[in-house]
Amino acid sequence: MAFLILVLSKLSKSYTETLTVGVNYINLPEDKVLTIENQPELNITVSTFGFNLFGSYFYDKTVPIDLKNDAYINNDTYIWIANRAMSDIKSQFGNNFEIVSVQPDTLSFPFGTLSVKKVPIKLNSNVTFASGYDTLYGMVLVPDSIKVIGSDTEIKTVDYIETSELRLLDIKENINATIKLILPEEGNTLKLSQENIEVTAEVQKFTEGTLEIPVVINNLPSDIQINYFPKMIKVSYEVSLNHYKSIKPTDFKIECDYLEIESSNKTYFTPKFIRLPENVKRVKMKQDKIEYIITE
């Protein structure tokens, strides 16, 4: 009982104490962004009864930084003055607290004008497919680009936005995942038009196909005749089982350009694909040179 009386006696006394509080910003124009690196704090010395002081330790107090009414602009910097904001500070603590001092009494908040820049999204993926499985068209990002919003100085250094890692192993089925976008580490005030994107891929069973494709000589002068060999090149490719039977030799076109040897005096042509079907991948020629002789 005596201890309780002692405690009540102490809590009923008046004390002067310095409290460290955070700040929150209000009335920042929509086209402006603060570019401060560290969140400031205020040391506010108050005088009040012990009851009030004891209660203040059980909840967080923050002081509003009114950038419209309690600050002025100097060279792209808001200068906040505690004396201007004293009524806001007092109302935040309540009538039972007397504000003795606020330190620092001035805070500086550099700001920039907001800009918008559209940049591509770079997928960070670690995806492996089960044996014989693959995706024909690769990973599809929706969307494949993103709007970056921030100050001019920060936004000009951003060329792309990377995703968090998409890690999938031994995949046999279609991919449909939602992954998070990662802000650059140096972009303290940057914002994105959305935080996540969708990644999809159509996964199919693949097999290898081979075909013999005729070689066409292009730009051959009318007064020159040549004999070349081979006249057919074996081509290998990978194709999904669904499309295997639809692939035909006419879907491919291989050409050699006579202008190549005319300008370089080479003794062989270099065959090149001029046309490929859309639904094949990893296409390879079994021959990379076409020998020739001029017959007339």
Side-chain angles (χ1 to χ4, degrees), residues 120-142 144-145 159-160 162-163 165-177 199-296:
I121 295 172
K122 183 178 179 181
L123 178 63
N124 176 16
S125 65
N126 181 8
V127 178
T128 62
F129 296 93
S131 179
Y133 288 82
D134 206 337
T135 173
L136 178 59
Y137 302 108
M139 302 292 179
V140 179
L141 309 185
V142 183
D144 60 1
S145 58
D159 297 318
Y160 61 86
E162 193 169 353
T163 69
E165 185 184 46
L166 176 64
R167 182 178 175 84
L168 301 170
L169 305 178
D170 295 325
I171 296 300
K172 295 182 179 179
E173 299 178 348
N174 291 343
I175 296 171
N176 194 333
V199 180
T200 62
E202 184 179 351
V203 178
Q204 301 178 26
K205 181 73 172 177
F206 274 70
T207 188
E208 183 177 77
T210 58
L211 287 171
E212 294 277 344
I213 309 299
V215 177
V216 177
I217 306 299
N218 196 21
N219 292 318
L220 182 67
S222 59
D223 59 341
I224 293 179
Q225 293 185 8
I226 65 171
N227 191 13
Y228 61 94
F229 50 89
K231 292 182 172 56
M232 304 283 286
I233 293 181
K234 182 176 286 187
V235 172
S236 65
Y237 53 89
E238 291 184 15
V239 60
S240 70
L241 291 178
N242 295 337
H243 296 106
Y244 180 77
K245 293 183 178 180
S246 67
I247 305 300
K248 300 177 178 61
T250 53
D251 296 329
F252 299 82
K253 188 173 184 180
I254 297 176
E255 284 188 0
C256 296
D257 194 341
Y258 184 82
L259 297 179
E260 175 192 7
I261 61 169
E262 191 176 49
S263 61
S264 64
N265 294 320
K266 285 184 177 180
T267 59
Y268 59 88
F269 290 108
T270 303
K272 295 180 181 178
F273 285 114
I274 303 301
R275 182 173 65 238
L276 291 172
E278 292 183 356
N279 47 3
V280 299
K281 61 191 306 181
R282 299 187 182 93
V283 185
K284 295 180 182 178
M285 297 184 198
K286 299 298 185 180
Q287 186 97 11
D288 60 1
K289 293 181 181 179
I290 300 296
E291 305 291 342
Y292 74 96
I293 57 173
I294 298 177
T295 59
E296 186 177 326

Original post:
Does a side-chain heavy-atom distance below 4.5 Å link Asn279 with Asn242?
Top reply: no
Original post:
What heavy-atom pair brings Val283 and Phe252 nearest, and what distance separates the two atoms?
Top reply: CG1-CE2, 4.1 Å
Original post:
Listed by chain and number, what are the salt bridge (Lys or Arg N to Asp or Glu O under 4.0 Å) partners of Glu162, not counting sequence neighbours?
Top reply: none
Donor-acceptor pairs are to be reported for all side-chain atoms of residues 199-206 against protein atoms at under 3.5 Å, with residues two or more places apart or in another chain.
{"unit_1": "Glu202", "atom_1": "OE2", "unit_2": "Gln204", "atom_2": "NE2", "d": "2.8"}
{"unit_1": "Gln204", "atom_1": "OE1", "unit_2": "Ser240", "atom_2": "OG", "d": "2.7"}

Original post:
Is there side-chain contact between Ser236 and Glu208, with heavy atoms separated by less than 4.5 Å?
Top reply: yes
Original post:
Is there side-chain contact between Ile121 and Asp144, with heavy atoms separated by less than 4.5 Å?
Top reply: no
Subject >> Shortest non-hydrogen contact from Asn126 toward Arg167 >> reply: ND2-NH1, 2.6 Å
**OP:** List in chain and number order the residues that pass side chain to side chain contact (heavy atoms under 4.5 Å, CB included) with Ser145, two or more places apart in sequence or in another chain; answer none if no residue qualifies.
**Re:** Lys118
Subject >> Heavy-atom side-chain contact between Pro230 and Ile290 under 4.5 Å >> reply: yes
**OP:** Tell me, please, which residues at least two apart from Asn124 pass side chain to side chain donor-acceptor pair (under 3.5 Å).
**Re:** none
Subject >> Listed once per pair and sorted, the ring pair (Phe, Tyr, Trp, His ring centres under 6.0 Å) pairs that draw on residues 259-294, sequence neighbours left out >> reply: Phe269-Tyr292
Subject >> Criterion side-chain contact (heavy atoms from CB on, under 4.5 Å) against Ile226, the qualifying member of Ile261, Ile217, Ile293 >> reply: Ile217
Original post:
In Å and rounded to the nearest 0.5 Å, what is the NZ to CD distance from Lys284 to Glu238?
Top reply: 8.0 Å
Subject >> By salt bridge (Lys or Arg N to Asp or Glu O under 4.0 Å) - contacts of Asp134 (at least two apart) >> reply: Lys281, Arg282
Subject >> Pairing residues for Glu212 by the salt bridge (Lys or Arg N to Asp or Glu O under 4.0 Å) criterion, not counting sequence neighbours >> reply: none
**OP:** Identify the heavy atoms of Leu169 and Thr128 that sit nearest to each other, and give their distance.
**Re:** CA-OG1, 3.3 Å
**OP:** For residues Tyr133 and Ile171, report the shortest heavy-atom separation together with the two atoms involved.
**Re:** CB-O, 3.8 Å
Subject >> Closest contact, heavy atoms only, Thr210 versus Tyr237 >> reply: N-CE2, 3.8 Å
Subject >> Selection residues 266-275 - residue pairs positive for salt bridge (charged side-chain N to carboxylate O under 4.0 Å, His left out), sequence neighbours left out >> reply: Glu260-Lys266
Which donor-acceptor pairs under 3.5 Å do the side chains of residues 244-251 make with protein atoms, sequence neighbours left out?
{"unit_1": "Ser246", "atom_1": "OG", "unit_2": "His243", "atom_2": "O", "d": "2.7"}
{"unit_1": "Asp251", "atom_1": "OD2", "unit_2": "Lys248", "atom_2": "N", "d": "2.8"}

**OP:** Using modelled atom types only, decide if a donor and an acceptor are shared between the side chain of Tyr228 and the backbone of Val215 within a distance under 3.5 Å.
**Re:** yes
Original post:
Roughly how far apart are Ile224 CD1 and Glu262 CD, rounded to 0.5 Å?
Top reply: 6.5 Å
Subject >> side-chain contact (heavy atoms from CB on, under 4.5 Å) between Val235 and Ile254, worked out >> reply: CA-CA 10 Å; Val235 172; Ile254 297 176; 3.9 Å; yes
Subject >> Spatial distance of atom OG1 (Thr163) from atom CG (Leu123) [nearest 0.5 Å] >> reply: 4.5 Å
**OP:** Would you please name every residue forming a side chain to side chain donor-acceptor pair (under 3.5 Å) with Lys231, sequence neighbours left out?
**Re:** Asn227
Subject >> Those residues that, when tested against Glu173, pass salt bridge (Lys or Arg N to Asp or Glu O under 4.0 Å) (two or more places apart) >> reply: none
Original post:
Does the side chain of Val127 reach to within under 4.5 Å of the side chain of Met139, using non-hydrogen atoms?
Top reply: yes
Original post:
Does the Thr295 side chain pair with the main chain of Gln225, one donor and one acceptor, at a distance under 3.5 Å?
Top reply: yes
Subject >> Where Glu278 and Tyr137 come nearest, the two heavy atoms and their spacing >> reply: O-CE2, 4.1 Å
Subject >> Partners meeting side chain to side chain donor-acceptor pair (under 3.5 Å) with Lys286 (sequence neighbours left out) >> reply: none
